[in-house]
Structures are given as C-alpha cells and as structure tokens.
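Working notes for the structure below.
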Amino acid sequence: FPGGLDPSSVGDVPLVLHNRFFTTESAYVQNYTFVTGTPGKHGEATAVPMDPAFFPHIMGRAKKWGMITYEQDFLTRTFASIPALASNISLAKTWLAYMNDAAKDLNVSVQYCMAQPQHLLQTASFPQVRACVRAAALLHFLRGVWASCSSPASFPQVRACVRRAA
C-alpha cells in the first residue's frame, strides 16, 4: 500500500498484517527510539524499535482496521544485520517483549517468520506469539519440496509433499 491503507476499503475482514522489517529510512526512526544495523546486500540498513510506545502505536492503529495478528518477518536478517542484538544480552528480548506486550494489551496475536531457534525458545515466555512460520533453516529445503507440488498453496498437498520428501 504505497499510499497507505484505507481502513474503510477492507470491510469487516479479519486481517493478518505483515511487517517485513524496519529500515533506518523509516519515518518511525525519527519519532521513536530504534537500534540500527548495517546495510545488507541490498543496501538497506535494518532497525528495531526500542521504545515501549512504538508497538502500542502501530498495533493500536492496525487493530482499528481489523488486525487480529501482527506478523514480524525477516527475523533472521534483522538479527544478522544488527550486531547489538547478539552482543547485548537483553536487547533482543526487550524488542520482542515490547511487541508481545502491546499485542497482549490489544488482544491480538503475533506470528514470527524466518525465526531461528532462539526466537522459538523465547516464545515460551511470550503468550501472544501463536505461530512461527517459515523457519529459516527449513526454507531452502521446502523450496525444493514446494516445486514438486502441483499446488503449493494447498496445505494438504504441502504436508503430503513434506512427508514424501522426508
């Protein structure tokens, strides 16, 4: 939605809203506290919000549109491109806790995408995280599996393909 999302155009459909990652070019970085990383191979530097008011702001707005789930994608890339997330023992947990706490207060769920083992383990203390999809280690394996499926969007066929490939 390059021009923004018009909530009235959605109707009463429950929404799962996806966030790829934040960049240092985001207007949010000017208005909230963020920790920034180094540019990746595509030249974009990632950033993570470290402001307790940030997630209530964006999730609160999206909840009014009908959001039931907030999906945080590119966890692997974010962790790899922001060295402070690995060198500061509490930074990553704080970021994910702010996300979980806002979701809990707004009664929405969180879904992680491209998660690594540390993300999966952390979900034990974050009740709003209901799913981790497309775990990074499985992505390359599943690309080959999905290529052999006649309809990769069909969950029963994907499950059958995974069983067949195993």
Side-chain angles (χ1 to χ4, degrees), residues 1-136 138-139 153 155:
F1 305 103
L5 176 65
D6 176 10
S8 66
S9 68
V10 178
D12 292 332
V13 177
L15 300 174
V16 175
L17 298 180
H18 171 270
N19 178 33
R20 185 174 173 214
F21 55 84
F22 297 99
T23 73
T24 55
E25 304 299 316
S26 168
Y28 291 124
V29 174
Q30 308 306 315
N31 300 314
Y32 293 91
T33 303
F34 274 72
V35 173
T36 59
T38 56
K41 64 181 176 182
H42 301 292
E44 297 173 302
T46 55
V48 293
M50 297 309 283
D51 190 322
F54 178 74
F55 283 110
H57 170 73
I58 65 166
M59 288 183 182
R61 290 182 66 202
K63 171 83 176 191
K64 293 175 189 172
W65 303 339
M67 179 182 76
I68 60 169
T69 300
Y70 171 85
E71 179 181 334
Q72 182 62 61
D73 200 352
F74 282 77
L75 289 169
T76 298
R77 177 182 175 172
T78 300
F79 271 72
S81 65
I82 302 177
L85 292 174
S87 65
N88 181 315
I89 197 164
S90 64
L91 200 60
K93 183 178 180 181
T94 300
W95 166 48
L96 298 174
Y98 286 156
M99 187 186 310
N100 179 78
D101 294 347
K104 184 176 180 181
D105 290 346
L106 292 163
N107 195 31
V108 297
S109 62
V110 174
Q111 180 170 292
Y112 290 164
C113 193
M114 290 184 66
Q116 294 183 333
Q118 63 266 34
H119 305 117
L120 301 175
L121 290 171
Q122 191 63 60
T123 64
S125 64
F126 293 154
Q128 296 311 111
V129 180
R130 308 287 167 76
C132 292
V133 296
R134 202 176 76 176
L138 294 176
L139 182 58
F155 288 108

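Worth knowing before you read on, the calculation uses all heavy atoms, side chains too, and leaves out hydrogens, waters and symmetry mates.
The line from CG of D51 to OG1 of T94 is 12.0 Å long, rounded to the nearest 0.5 Å. Taking CD of Q128 as the reference point, atom CG of L96 lies at 13.5 Å (rounded to 0.5 Å). Taking CD of Q30 as the start and CD of E25 as the end, the distance is 8.5 Å to the nearest 0.5 Å. Here the straight-line distance linking atom CD1 of I58 with atom CE of M67 works out to 7.5 Å at 0.5 Å rounding. The CE atom of M59 lies 10.0 Å from the OG1 atom of T69; values are rounded to the nearest 0.5 Å. Distance check, rounded to the nearest 0.5 Å: CZ of R20 to SG of C113 gives 12.0 Å.
Y70 places a side-chain heavy atom less than 4.5 Å from the side chain of N19. You'll find the side chain of F22 stays beyond 4.5 Å of the side chain of Y32, heavy atoms only. Side-chain contact between F74 and T46: absent, with no pair of heavy atoms (C-beta onward) separated by less than 4.5 Å. Two residues are said to be in side-chain contact when any heavy atoms from C-beta on lie closer than 4.5 Å; N107 and K63 meet this criterion. The closest side-chain heavy-atom distance from N100 to P127 is below 4.5 Å.
For F79, the ring pair (Phe, Tyr, Trp, His ring centres under 6.0 Å) test picks out W95, H119, with sequence neighbours left out. With sequence neighbours left out, S125 forms a side-chain hydrogen bond (donor to acceptor under 3.5 Å, both in side chains) with Q122.
For the ring-ring contact (aromatic ring centres under 6.0 Å, His included) with F34, the qualifying choice from Y28, F54, Y98 is F54, the only one to do so.
Smallest separation of non-hydrogen atoms from L106 and P56: CD1-O, 4.3 Å. Nearest approach of L17 to A62, heavy atoms of both residues: CD1-CB, 3.6 Å. Of all non-hydrogen atoms in T23 and V29, the two that sit nearest each other are O-CG2, 3.4 Å. Contact between N88 and L91 at its shortest, heavy atoms only, is OD1-N, 3.2 Å. Nearest heavy atom pair, residue P14 against residue I68, reads CB-CD1, 3.7 Å. Considering every non-hydrogen atom in both A115 and L120, the closest pair reads CB-CD2, 4.2 Å.
With hydrogens and angles ignored, the 3.5 Å screen pairs a side-chain donor or acceptor of T76 with a backbone N or O of M114. In this structure, the side chain of Q111 does not engage the main chain of R130 through any donor-acceptor pair within 3.5 Å.
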- Item | Audit row: Y112, V129, side-chain contact (heavy atoms from CB on, under 4.5 Å) steps and yes/no | CA-CA 7 Å; Y112 290 164; V129 180; 3.6 Å; yes
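Side chains of T24 and T36: no donor on one and acceptor on the other come within 3.5 Å.
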